[in-house]
Every structure is written in structure tokens, then in C-alpha cells.
Protein chains: 2
Amino acid sequence: MLKLSRLTDYAAVVMAQIARYPHKPHAAAELAQAVTLPQPTVSKTLKMLVRAGLLVSQRGAQGGYCLARPASQITAADIIAAIEGPVAMTECSQAEGDCELAATCGVSDNWQRVSLAIRSLLDSVTLAHLADTAPIKLPVQLPIQSISLAAESA
Amino acid sequence: MLKLSRLTDYAAVVMAQIARYPHKPHAAAELAQAVTLPQPTVSKTLKMLVRAGLLVSQRGAQGGYCLARPASQITAADIIAAIEGPVAMTECSQAEGDCELAATCGVSDNWQRVSLAIRSLLDSVTLAHLADTAPIKLPVQLPIQSISLAAESA
DNA sequence: TGATTGGGTACCATTTTAGTCCTGTATAAA
DNA sequence: TTTATACAGGACTAAAATGGTACCCAATCA
């Protein structure tokens, strides 16, 4: 289904929640309550986001989590990567030379292009967009034939 | 990682292989050999593709698999859907009302838009493109601000 | 009639995912 | 200085998805 994992989904929701009140630290318990999810799970997600550098944490009383940078500078791709690792549609599009089928498959080049296009789409969507209740404006897909700018050839 | 499952990858490779020689039926064993994958696995994949209506099969001696329609009318989204089910990034973007967090999450609308954009990207890539050894021309992502066409608001 | 080739299903092993818990450490306030 | 608060890290378990295989049946053609 090309689906995000559940944790990634949680991460987005939690990040959005923080983004809406960016000026105070948010404790895990508070966030868990706000998004009605079990606390340990939310905690786990938060830790991953810190390790990825998207959140900063403050220990101790009155501590909690804050965005590491403005919501407009955190992308959907960042959040996905924080939980699931780098966005890549196929095995071979993440690391070079790992796929010993490359010779017979003859599809990898084009998959990688698709992967890249999705990646750049996700790069263009920021947390500020996600957290906004108004709809994001996304490019509508034009027919391929009408597009002049092409990916570089391999 | 937002990754395709391995079977989906196989499916694309196998479909591309058939697309390159569209005029004769291809036996599972022949295809397995061509793409150097175990035969039972290739068979399984082929069966799924038939059930999804992307391939037609012919039993008996000299039988095999053919494309159900021209490669230019089979999309990447079709292939993915055949193996993994409909393309949808989040739980709530596939079926309405299944996500009881919708009230607190406040992100679902925008995720759905992103999901739709990816979907239309995948709809625009055909098997003919994938099977082609020349690079596909894909739209380069423009900055969101510069895009005038917006998704309909909910 | 028998060889060939796909169809369907059930099954198993492995990996991934989700979720929980425990113990340790930093911080702020009393 | 003490104590309550809150994050850090890792281990562990349960459940689900995934990948792969095997088996037997049905259709087709020579």
C-alpha cells in the first residue's frame, strides 16, 4: 500500500501538536493525552525524533520537547526518515550496488527516478503545512508528455 | 522507508520483461529464468497480476502470460495496487471514518492531499516508461508557493 | 492420453512492527 | 540538599506482515 508505518503517523501528529504551540516545552504525558495515544508509545516516538534532530528535549521539572527548528523548516520527508529511515521506493534506490539483480532487472533506473520525484514532493511539504488546518496547495500532476524538465539521464 | 515490498519490485521487473516482448505468451519458468528469481515466487507474483487484471493467462502447452492491455495503459500505481492494495499513505486515507483519532489528529486532511499527489504521480508513470531503457521524464517539483492550482478544499 | 502450464490454497519461517517496562540521569523547585 | 519531575536508553515480548514453498487441481494442446 506504500503506507507509512503507524509510528510515523504518530510522529506527524505529535510534531504537528507541538508546532501549534511552539513556545513552551511539551511533556510526553501531556502530548499523549492531547493526541489520545498510550504514553509509552508516544515517548518512544519522541525519542526517535530527538535522535533525528527534529526535536530538542529538556529534562527535569518543567522540561519537555520543543521543535529543533521552525516548523517551516521541517519537512514530511524529515519526519518519515526519522522513523523509517531514508525515503526510497526500492532496495536499490537507497544504496548503490546492493542489488545483484540490477543487471537483469532493467527497471531500476526508472524506479529511482520515480522515487526521487516522490522524495522531492515530500521535501516540499513542511510541518507548517501539515499542522495548518487549511489545505496545502500541492502541484497537480501534469501529463508526462507535457513536462519539459527532465531528470538527468544516468 | 516508504518502500515497495519485494514482491512488488518483482512484479514490476516481470511486467517489464513481458512488455518488451508483448507478442508471445511467457511461461512462468521462462520469466523466472530471465529475471533470475525462484520460479515459485515468480509464479505467485504472476497470479496476483492476473487477478488484478493486468495480465491474461493461457493454460496448457505453449501457454503463458500476456499483458491484458498495452504497456502504455498500465500504470505503476496499477502494479503496486495489484500486489499491495491501493496506494494510501495513512490508515485514514484509504477508507473514510476508520480512524477514530481523526478528531484529535488534525493532520489527516493534509496527509491525504500528499497521498493523492503521490498517487497521481504513480498514475502518470506507465509500464511502457518503466520498461523503456531511456529515462522517464518526470516533473521536477516546484516550490509550493509558486503553484497556483490547489487541491479542492475539504 | 499424457505432457505442459497456469490456478488455488495452505503452510511455515523469518522479519518487522508495535508496544511495554525498567533502570538510569539530568534538571528545577522547594 | 533533597525531592519530584521528566527524558534516555535499552531489553523484551507479542503480534502481524512478508516472503517463500509445496501440493494438488484444471485446462489445453499434440
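In what follows, chains carry the letters A, B, and so on, assigned in the order in which the sequence lines appear, proteins first and then strands, with residues in each chain numbered from 1. Computed over heavy atoms, backbone and side chain alike; hydrogens, waters and symmetry mates excluded.
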Regarding A:R20 and A:D132, does a basic nitrogen lie under 4.0 Å from an acidic carboxylate oxygen?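 So A:R20 does not pair with A:D132 through a salt bridge.
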Assign each of A:T41 and A:G60 to its nearest nucleotide of DNA chain C by heavy atoms, then name whichever residue's nucleotide is nearer the 5' end.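 Looking at DNA chain C, the more 5' nearest nucleotide goes with A:T41.
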Rounded distance (nearest 0.5 Å) linking atom CE of A:M15 with atom CG of A:D78: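 Taking CE in A:M15 and CG in A:D78, the distance rounds to 8.0 Å.
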Does [N] have OP1 or OP2 sitting under 4.0 Å from an N or O in the side chain of [X]?
X: B:R6; N: D:dG20; answer: yes
X: B:S5; N: D:dG19; answer: yes
X: B:S43; N: C:dG7; answer: no

Using a cut-off of 4.0 Å on non-hydrogen atoms, how would the nucleic acid contact of A:A28 be classed: base, sugar-phosphate, or nothing?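 Sugar-phosphate: the residue A:A28, judged by heavy atoms under 4.0 Å, touches backbone atoms but no base.
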Have a look at B:L46 and say if it touches a base, only the backbone sugar-phosphate, or nothing, with a 4.0 Å heavy-atom cut-off.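 Since no nucleic acid heavy atom lies under 4.0 Å of B:L46, the category is nothing.
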Side chain of [X], heavy atoms from C-beta onward: which of [options] has the nearest atom to it?
X: B:K47; options: C:dG8, C:dT5, D:dC7; answer: C:dG8
X: A:A61; options: D:dG20, D:dG9, C:dA28; answer: C:dA28
X: B:Q58; options: C:dA18, D:dT21, D:dC29; answer: D:dC29

Send over the distance from [X] [atom1] to [N] [atom2], rounded to a whole Å.
X: A:Y10; N: C:dT20; atom1: OH; atom2: C1'; result: 13 Å
X: B:M48; N: C:dG6; atom1: CE; atom2: P; result: 16 Å
X: B:L7; N: C:dT16; atom1: CG; atom2: C1'; result: 15 Å
X: B:K44; N: C:dA10; atom1: NZ; atom2: P; result: 13 Å
X: A:L2; N: D:dA17; atom1: CG; atom2: C1'; result: 16 Å
X: A:R51; N: D:dG10; atom1: CZ; atom2: C1'; result: 9 Å
X: A:Q62; N: D:dC7; atom1: CD; atom2: C1'; result: 14 Å
X: B:D9; N: D:dG19; atom1: CG; atom2: P; result: 10 Å

Grouping I, L, V, M, F, W and Y whenever their side-chain heavy atoms are under 4.5 Å apart, do B:L116 and A:L4 come out in a common cluster?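 Different hydrophobic clusters.
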Indicate whether any N or O donor in one side chain lies under 3.5 Å from an N or O acceptor in the other, for B:D123 and B:S120.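 Their side chains do not contain a donor-acceptor pair, so the 3.5 Å distance test is not met.
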So do the side chains of A:Y65 and A:V50 get within less than 4.5 Å of each other, counting heavy atoms only?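 A side-chain contact under 4.5 Å exists here.
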